[in-house]
Each structure stands twice: as structure tokens, then as C-alpha cells.
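Here the structure comes first, spelled out in C-alpha cells, and everything after it is commentary.
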Amino acid sequence: MQKELPKAYDPKQVEPKILQFWLEKKLYHAEIDKTKKPFVIVIPPPNITGALHMGHALNNTIQDVIIRIAKMNHFNALWVPGTDHGGIATQNVVERLLIKEGKTKHQLGREKFLEFMWQWRKETGDTILHQLKHLGCLCDWERTRFTMDEICSAAVYKAFKKLFDQKYIYRGERIVNWCPRCQTALADIEVEYKTQTDKLWYIKYPLKEKKGFITVATVRPETMLGDTAVAVNPEDERYKNFIGEVVILPLMNREIKIIADKVVDPEFGTGAVKVTPAHDPADFEMAQRHNLEILKVINEDAKMINVGVYSGLDRFECRKKVEEDLNKLGLIEKVEDYTHNVGICYRCGTVIEPLTSKQWFIKMKEIAQKAHKAISEGKVIYYPEVYRDYTLNWLENIKDWCISRQIWWGHRIPIWYCKNECEPFVYETTPEKCPHCSSKEVFQDQDVLDTWFSSALWPFSVFGWGIDENNSELKYFYPTQILVTGYEILYLWVARMIMMGLHFLDEVPFKEVYVHGIVRDIHGKKMSKSLGNVIDPLDIVEKYGTDALRFSLVSSTTAGRDIHLAEESFVSSRNFMNKLYNMTRFIMLNIKEEDEPELKNWLSQEILHSSENFTISEYWILDQFQKLILTIKDYYEKYLLGNISRELYDFIWFKYCDWYLETAKINLQKEEKRISTLGVLVYILEKILKLLHPVIPFFTEHIYQSVKKFLPQTKDSILETSWFEIQKIDLSKHKKEIFIFELIKEIISEIRSIRNEFKLQPNIKPKVIFTVEDNTQEAFLTEYSIYIQKLSFVDTIDIVNKKHISFSKPRYSSSAVFNISKEIGSVELYVLLEGIIDFEKEKLRLKKEIEETEKFLQLLESRLNNSEFLTKAPQEEVKKIKEKHILTKEKLEKIKKYYQEILF
RNA sequence: GGGUGCGUAGCUCAGUUGGUUAGAGUGCCGCUUUGACAUGGCGGAGGUCACAGGUUCAAGUCCUGUCGCACCCACCA
């Protein structure tokens, strides 16, 4: 390293070069290697409409951390990237573009529109992958897939064909959420609910055989035109005699039956409910159970049909008309206000019309059971665990999957119909003739598959399952190791991958699922353009650097919880990068050129492992480092990546820099200590870099390249080294040194505190006196007083052995007592403040200290007076409290005595 | 309506299996340009751990209830 090093770290200088280096070395690429265990992640493919947002940044950073750790743990790590065609969402985006150009998709027609889609996908579809590359993501770019590319489409076709042949796929007239504006069925998940207050109408339906009425309540009177029954609860005493009776449906004058069904809530309304199977999901189910007629009275444009004079009216106009007509007939018993949820289209806000239509479904029950079993047996492990139970619960209540969508963008359903109404058949391309009647007039289903159908196959479609299910890549890389995802697509996607993986390959698609939360703003609100609270990851990269972005994201995560992000977080991470940079800079600037061979020699001879001849701060930092490693190991096993980052931050900043580095400065002054001090500095630096690398890859790679020349064993890239190495140094014989350094730290903090309390300017260096009671104490204080002197900015340190010299307490001073250990006893510290301090302030300070100490003593005594504590608490605990009690008591007496003296 | 999670310093959050006087970042106050770093250093103020009970020698941590917030599922006329 040059002498002229900038004082601040500049990621913009570093990141492009490092990225280039990785790409050129192809460190991202993995091939089949039977000597190594594979560790595979498939990316949750981002939608091609997407520009990178914070959610992507989080999701992919986590994956990158995991894949880099795997690589550094010497697995054959592979991360497969790709994008998703995104169905409705993408079609919408492009449709809006077209509208801006004054075109609609209907004007263009299907073929032209799709051409436009593909063109668009070609131009903008991979933007997000480029952005991920710059985020440092170590995806195998040579394996980039797209859900509608040849490889993945082959899988879609094969899966569809198999499911069809196995009779899992069926076509059914089912009730779906229909958006009359968008003209398509919507998945349940695509329906939003809005709370609104409407009128609840109580309508009297005349009985046919008897006199009187049965009254039903509804908020949608127009649907009564499609009623095919009235239902009551079988247990409802009021209506027991009505079951089986026939009523005359007003306005339509149709006869409909009164049936009994236990879903009817006797508490609601009148306890009797009108049944409109074609326009209400619950009623539809009832109709299935009771074999009711399903009468469609509202069409796809939300206009009334099959209802005589009402036909052609809009559903809301019709509502008014029905109300009027019922009023005229005197059939409205009463009207109440009623607040309820109304389903609306998540895209346009139009009120959803549930209606029946022909859709393709997959029978899910059997397939779900296999998944349920596998998850219960622990074949898929969820982090955090709660998500396993959510998934199991969902699988238990699974419904058939509606896989047809009335849009154009997607995999067109490979079903063909024949003019002669033969059985529909599956054919991948255009068939020449109907296989049943050989008619040449065949036409393909108009619909496309739900976008999640191809997503569900993703973990194996990317390895070419669709083309050859026995290919060697699939055999080697499948099942994958871990899937990283947000909890919002646990059912839509994750559960379905598990089901499809088990169904087609008889193996779960991944062994582990890492579930993370959603990135929100600082107040917990979702980031959205309309709220104006979006933080763009690209802006953050620009301002603070990629590593700062990554570090903030990773260290903010805690097991499955949402992240509340504020820009300050990135400032803090940027500062940490700078701290890291300057800490390295300090070490580099202290290594002279002529030191290099000696230093390298020192590091290679593993003198370290002999665990002799270190200073106390070195024993201490090596001990702290050992503890850090064990903690990290523990966290890694539970994938607590946030905790790992926070631990590293604390260790580096508050231990390595604040304390060890400061003492190292002192040791570097001593010629005989120079090399060993530099040695320990570099030893820990190297290991820190490796541990940090998965989270902040650019910075660590950059520094590694500079540190390399001192290291005995190196690789081209830090990625090729080991993430994790248990330290081989045995520190068990040096507990005493470690303990002493802790004590020295305390003493230094105390003196600093006293300095601040009396507002001593830095140029004022007071004298400090320690009183000790024996030679042991004297010896160690003498040995280490240099640390105290330098780090707390004091002039001289006198050590008075009370055995030999009589000692009278200095008048103007501030004191403290340090309990070294039971064996060694305690030492007293006096900071001489004569001529410097305000005497009155000192009295107040002492008074406060006495109060605090008394309070603490009381606490300890109350414990020791508790006989049950003495017998039931662990012995160690009791012993600790006892020791503490004795020492505190001594301390209190001393302070009190001193306080008396100072009062004259 | 059913379920889950959360409520700890002004703000955002850590806090393992219950065990000394509850921590960090940020903000605030004071001191500080000393040869790694002012994107820094040192010190400080600030918390009845939502509330009420209970279990325990001991509860931020376990149990019950209440209130508040968020989300998931269902969407029942």
C-alpha cells in the first residue's frame, strides 16, 4: 500500500473493479463436481416488469450471503438466476404503455399484442438481473432462465400433460371472482376487500302451500332474480316446519324450495337466506350439496341476463329497479344499514362480480397430502419455524387450483377442441387433426395458465426437467438446498413448489426455507410511490455504496419479521465501512517495508498457537475473538444472519478498534513488540475480513488483495478462502491475564469518567495514585500502568503499598475502589484534583455515589436475607452475590469515610 | 369471525435456556481536531420493559386476562 492513502473509503473507486475481477474469474459459475457436495439456491424469479426495489435488494442480498458462505465452506455452490413473465401484472404494465400510445390490445389483436410483449421483454426484461449483478450477487449468469423460455416452457407443457393424463386437471363450471372491467377471472389473492356501509333489505318471499312469507335479508337485491332456493339452519326451531316447503320467488314467479344447510347462521338477519348459486361462492357450494339449479343472471359485462324485463340492465341499475318493484308489491319488510366487506379488483377497484364460468382446475387434495406429510416429517425445514405451521394449516384446507386466466400473456393452455365436440385433448404445438375424429378443424383454448403454474415448477424446470427428466444436472443439483423468500408468497408459491416437486420428482424441491419479512418505511408503512416513502436501493448505492446497503439490510433482519428502514441506517453502515477502512489503513501504515518478510514469517510459524508471550490486551482480544467465532457458528446454524452482522459490528468497533487497537499503539512503540503486535493485528484482521465477506463482499475483497502480501497462505480471491476457522490458540492458561485486562479497562473508564465529570481539558493531566495492600497488586499495577496512563490521559501513576508506606488520603481528589478478585482483594484509586476542581461539586458527587451504593447494597442484602434464595438458587449465583456483597460493603465504608474527611 | 406476531430509551430495534444495577444504532447534552477514522474519540442524560393478576427464592423473559398496533386466513346473506 502506498503512503498516500485517502482518509475516507470510497466505494465508487473500488466496487466496479472488484465486480470485474469476480466476473472475469467466473467465481459465480458451478459445474457438476462429484467430489463436492452441491449447495443450490434458485432465485425467486423477479417479475420482468420490476425495477429493483428494496424488497428485491433484501431478498437477494440474503441469498448472496448464504451462497457466499456456502462457497467459503467449500460446497459446490450454485445460485440460479432468472426472471418470471409475471402474467397479469406484466400484461397490465404493457397495456398501460399501449394506451399512452393510443392503442388497445384489442385493436392490435392477440398475435400483434404478444409480439409487442416479447419486444418489450427483450428490451427491459433483464434490467433487474443487471442490477443484481451490480449488487454483487454471485448468480451463475450462464444459467439465466426465464419462465417462458424454451427450457422452462417445456417443463410447463410436460407438467400439464402429465397432470392431465393423470386426471388431476379438469374443466369445471365454477364460481370465480370476475372483474367486469378487466374481463378476467381473478385469483382469490388478487381480490381486495373494502369495508363499506350498504342497505340490508329484508324481502318477503310468499309461501306456495301455506299462507304467509319467509323473509330473507340481502344487500344485493338484484341477485334474487337468480335465486334457486331459500336456506335455513336445520337446527333452527323457527323454521323446522318450513323445510321442504316451496316459495314463489317474487318478480320472477318461479317456484323454489326451502332447504336446510348448516352453514346458515340463525343469528344473522332473519335466519333464512336466499340462495343464488351463480353469484355467490357460499351459495354455489350449497348448490353443489343440494343439487340446486345454477342460474346465471349477470354476465361478464355485469349486465343482467335471463331475467325477462330486467335483462340488459346494469347490475346496479337493476338493483334500484328491483327495489322499486318490490316496494310496489309491499314485499319489503324493512331496510337496515349494514357494514360489510366488498370485494374489489386490486387493479381497478371495480366491485368484483362472482360468477360461474368454465375454468381449468387442478385437483389438489391428494397432491397436498404428500406435501403435508413431507413437511411434517421435517423434509423441509422452515426458518423461522412458525411458517411451517401456517403452511401445514393451509395445506389441510386446500382448494382446487384454478389455473386458467383470461389474458394473453403467458403459457397458452395446450388444450385443443374439435369442431365436432370430441373430448378436448392436449397438444403442445398445432395438431394436424383431432385424434378422436380426425377432423382438421381444431382450435386451441383461448386462456393462458396462471403465472404461478410455471413458478411452481421453477426448482426443476431450470435444470431442464422439461426436456430430459433424467439429465445429469438435474440429478446432481436437485433437490436444492434452501429457498429464500418473503412470507407473502408462502402459499402462492412455496407450498406449490413443494407439491409439484414431490409430485413429479418424488423429492422436495428444497431442504430449507428461509422466510424474511417485508421492507417497510420507518413507521412500518409499506413503501409505495403514492405515499412517497420509497427508498430506492440504487440511490442508496449511489450515495453510500453497495456494501453499506447490504450491511444495513442484513443487520436489520430478525427472524421473519418486517424491517423498518430509514436512511439513517445506511449512514450508520457507511460509517462502519469507513471505520473498517481506517482500521486497515492504520495497520498498513504501521507496517514498514522491511517488516514484511519478518511479519510473514511470524504469521507462518504459527507462533500464535504456542499461546506464549502475548500482552494482556492480546490475550484478551484473542479470547474475545474465540467467543465471537463460537457465537457466529451458533447463529449460522439457525440462519440468524442479522445477529451475525450485529455481533461482527460490536466486536470490530467496540473491542478490536476501541480497545485492542489503542493498546496496540502503545506496544508498537516498543521495538521488541513491534512484529508480534502487527502479527496479532493482521491475524485478526484477516479473519474478520473473511467473516465479513459474505455481507460486504466488495470492501473485503478489496482489502484482502492488499493484505495478501503479509499472509503465508493466500488465494486469488477471498471467496476461495474459508469463511470460518476455529482458532487453534489455547487460552485456558491465561484466564488471569484476560481478567486483568478487563480490570484495566474498567479503571481507564473510571478515570475518563472522572475527567469528564470535572471537565478537565485534554491538556490537563492529573496525577493518579493507587493504594495497594501487597506485592502482587503492586506488581501488576506497575506492569500495566502504561496502558492506564496513555488511555486515560494522566500524568504519572504512583503506586503506594500501604504495608510499607503510611498513606493519608489526598484532600482534593476523586476516588474509586476496584475489586480485583477475592484472592487479590481490592485497590483504591485517587485522581488528584488539587487546584483543578470545584470542591462543592465533589461533595455532591460523593453524596450521589453513596446513595447509589447504599441502594445497591440493600438489593444485595434483601437477596442474602432470603433463605429460599440461599437454598434454591444455583450455588454459583449465591457465591457471586456474597462476594459482591462483601466488596460493596467495603467500598461504601471507604467512600463514607472519605466523605467525612472532605467535610473537614 | 378465526389465527399469528408485536408493544423495551424521543425514534428504529437487540435482549439465547428465567439469575448481578436492562443494551445498541440514531437523536439530544458536554468535552474533544491527540499521526487510523470528526463518516472519528471520550463522557453523560434518558426506561415503573403496554396494563392487571399469577407461577417462582428470582420475571423484560413463563402462564392468564385486558388494552393498543400490525399482519394472515375466511369473507357468512
Side-chain angles (χ1 to χ4, degrees), chain A residues 5 7-9 188 191 193 200-201 216-220 223 231 263-265 267-270 272-276 280-283 338 340-343 386-387 389-390 393-394 397 487-488 490-491 517-518 520 522-524 544 555-556 558 560-566 568-569 571-590 631 634-635 638 640 642-643 646 649-650 653-654 657-658 661-662 665 749 752-757 759-763 791-793 852 855-856 859-860 863 866-874 876-878 880-881 884:
Chain A
L5 285 171
K7 285 177 110 178
Y9 174 60
D188 289 345
V191 177
Y193 291 90
L200 182 63
W201 304 79
V216 296
T218 181
V219 286
R220 303 181 60 201
T223 62
V263 300
V264 180
D265 176 11
E267 304 291 316
F268 187 89
T270 60
V273 56
K274 59 191 274 311
V275 182
T276 323
D280 184 290
D283 292 2
Y338 178 61
H340 65 143
N341 286 332
V342 181
V386 275
Y387 292 109
D389 297 337
Y390 294 165
N393 194 340
W394 185 78
N397 300 303
Y487 56 72
E488 71 273 18
L490 232 35
Y491 310 138
I518 293 170
R520 295 164 180 278
I522 195 75
H523 303 296
Y544 308 108
S555 55
S556 307
T558 31
R561 298 253 302 266
D562 286 350
I563 292 174
H564 294 193
L565 261 192
E568 288 77 52
S569 160
V571 174
S572 157
S573 296
R574 189 268 321 260
N575 293 354
F576 182 48
M577 296 309 119
N578 195 55
K579 186 77 180 174
L580 290 168
Y581 170 77
N582 275 293
M583 135 196 140
T584 331
R585 184 165 164 260
F586 168 80
I587 298 170
M588 295 303 198
L589 289 174
N590 273 287
T631 309
D634 204 40
Y635 284 141
K638 299 169 199 154
L640 294 171
N643 298 44
R646 290 191 289 267
Y649 182 97
D650 284 353
W653 203 310
F654 305 130
C657 288
D658 285 353
L661 216 66
E662 293 304 318
K665 283 178 184 172
S749 294
R752 283 168 174 176
S753 175
I754 290 168
R755 290 188 61 98
N756 263 287
E757 189 127 21
K759 310 243 172 296
L760 304 193
Q761 298 292 313
N763 55 347
L791 296 185
S792 56
F793 303 104
E852 274 172 12
K855 216 168 114 192
F856 182 48
L859 193 127
L860 294 173
R863 246 200 218 174
N866 186 333
S867 57
E868 277 177 290
F869 170 71
L870 296 176
T871 52
K872 289 186 185 172
E876 274 179 47
E877 199 60 32
V878 177
K880 265 193 202 167
I881 298 282
K884 194 89 189 163

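In the text below, chain A, chain B and the rest are named by the order of the sequence lines, each starting its count at 1.
Side-chain atoms of A:Asn397 and A:Asn393 include a donor-acceptor pair closer than 3.5 Å.
Of the listed nucleotides (B:rC71, B:rG43, B:rU20), B:rC71 has the atom at the smallest distance from the side chain of A:Tyr487. Comparing atom distances between the A:Phe856 side chain and each of B:rC13, B:rC37, B:rU20 picks out B:rU20 as nearest. With B:rC57, B:rC13, B:rC73 as the candidates, the nucleotide lying closest to the side chain of A:Glu868 is B:rC57. The side chain of A:Asp280 approaches B:rC76 more closely than any other nucleotide in the set B:rG43, B:rA36, B:rC76. Listed nucleotides B:rG25, B:rC57, B:rA36 differ in distance to A:Phe869; the shortest reach to its side chain belongs to B:rC57. For A:Thr558, taking side-chain heavy atoms from C-beta onward, the closest of the listed nucleotides B:rA14, B:rA36, B:rG19 is B:rA14.
Taking atom P in both B:rC62 and B:rC75, the straight-line distance is 34 Å, to the nearest Å. Of the P atoms belonging to B:rG10 and B:rG18, the separation is 29 Å, rounded to the nearest Å. With both ends at atom C1', the span from B:rU48 to B:rU39 equals 38 Å, rounded to whole Å. Nucleotides B:rG27 and B:rG65, compared at atom P, are 42 Å apart to the nearest Å. Taking atom C1' on both nucleotides, B:rU8 is separated from B:rA22 by 8 Å, rounded to a whole Å. Spacing between B:rA24 and B:rA14 at atom C1', rounded to whole Å, works out to 7 Å. Taking the C1' atom of each, B:rG40 and B:rG25 are spaced 16 Å apart, rounded to whole Å.
A straight line from OH of A:Tyr193 to P of B:rC72 spans 13 Å, rounded to a whole angstrom. Whole-Å rounding puts the A:Lys579 NZ to B:rG25 P distance at 12 Å. One atom, CG of A:Leu661, and another, P of B:rG41, lie 12 Å apart when rounded to the nearest Å. Regarding A:His340, its NE2 atom lies at a distance of 9 Å from the P atom of B:rC76, rounded to whole Å. For the pair A:Asn866 CG and B:rA58 P, the computed distance is 7 Å after rounding to whole Å. Whole-Å rounding puts the A:Ile587 CD1 to B:rG35 C1' distance at 15 Å. For A:Arg520 and B:rU12, the CZ to P distance is 14 Å, given to the nearest whole Å. Remark: C1' of B:rG35 and NZ of A:Lys665 are 8 Å apart, rounded to the nearest angstrom.
Salt bridge absent: A:Asp650 and A:Arg646 never bring a charged side-chain N and a carboxylate O closer than 4.0 Å.
At B:rG40, one or more side-chain N or O atoms of A:Asn575 fall inside 4.0 Å of OP1 or OP2 (strictly under the cut-off). OP1 or OP2 of B:rC37 has at least one side-chain nitrogen or oxygen of A:Lys7 nearer than 4.0 Å. At B:rG43, none of the side-chain N or O atoms of A:Ser753 fall inside 4.0 Å of OP1 or OP2 (strictly under the cut-off). Between A:Lys872 and the phosphate of B:rG19, there is no side-chain N or O to OP1/OP2 separation shorter than 4.0 Å. For the pair A:Trp653 and B:rG25, the criterion of a side-chain N or O lying under 4.0 Å from OP1 or OP2 is not met.
With a 3.5 Å ceiling on both atom-pair distances, B:rU33 lacks any Watson-Crick or G-U wobble partner. Nucleotide B:rA52 forms a Watson-Crick or G-U wobble pair with B:rU64, both donor-acceptor distances falling under 3.5 Å. Remark: B:rA74 base-pairs with no nucleotide; criterion is Watson-Crick or G-U wobble with both hydrogen-bond distances under 3.5 Å. Here B:rC69 sits opposite B:rG5 as a Watson-Crick or G-U wobble pair (both hydrogen-bonding atom distances under 3.5 Å).
Residue-level contact check: A:Asp658 touches the backbone only, with heavy atoms under 4.0 Å from sugar-phosphate atoms and none from bases. Among the heavy atoms of the strands lying under 4.0 Å from A:Arg574 is at least one base atom, whether or not backbone atoms are also near. Using a 4.0 Å heavy-atom distance criterion, A:Phe654 is classed as a sugar-phosphate-only contact. Within the nucleic acid shown, A:Pro281 has no heavy atom closer than 4.0 Å to any nucleic acid atom. If you check every strand for non-hydrogen atoms under 4.0 Å, A:Tyr338 touches sugar and phosphate atoms only. Contacts of A:Val263 with the nucleic acid, taken as non-hydrogen atoms under 4.0 Å apart, are absent. Residue-level contact check: A:Ala873 touches the bases, meaning some heavy atom is under 4.0 Å from a base atom.
Residues A:Gly517 and A:Asp562 come closest through the heavy atom pair CA-OD1, 3.5 Å. Across all non-hydrogen atoms, the minimal contact from A:Val219 to A:His340 is CG2-CE1, 3.6 Å. The two residues A:Thr270 and A:Ala217 have their closest heavy-atom pair at OG1-N, 4.5 Å. Of all the heavy atoms in A:Thr223 and A:Thr276, the pair that sits closest is O-CG2, 3.2 Å.
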Do any N or O atoms of the protein come closer than 3.5 Å to N or O atoms of nucleotides 2-6 of chain B, and which pairs are they?
residue: B:rU4; atom: O2'; partner: A:Tyr390; partner atom: OH; Å: 2.1

When you compare the protein's N or O atoms with those of nucleotides 28-31 of chain B, which come within less than 3.5 Å of each other, and at what distance?
residue: B:rG30; atom: N2; partner: A:Asn756; partner atom: OD1; Å: 2.7

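Under the 30°/60° scheme for interplanar angles, the aromatic rings of A:Phe576 and A:Trp653 are found to lie parallel. The aromatic rings of A:Tyr390 and A:Tyr387 sit perpendicular, their planes meeting at an angle over 60°, well past the 30° parallel limit.
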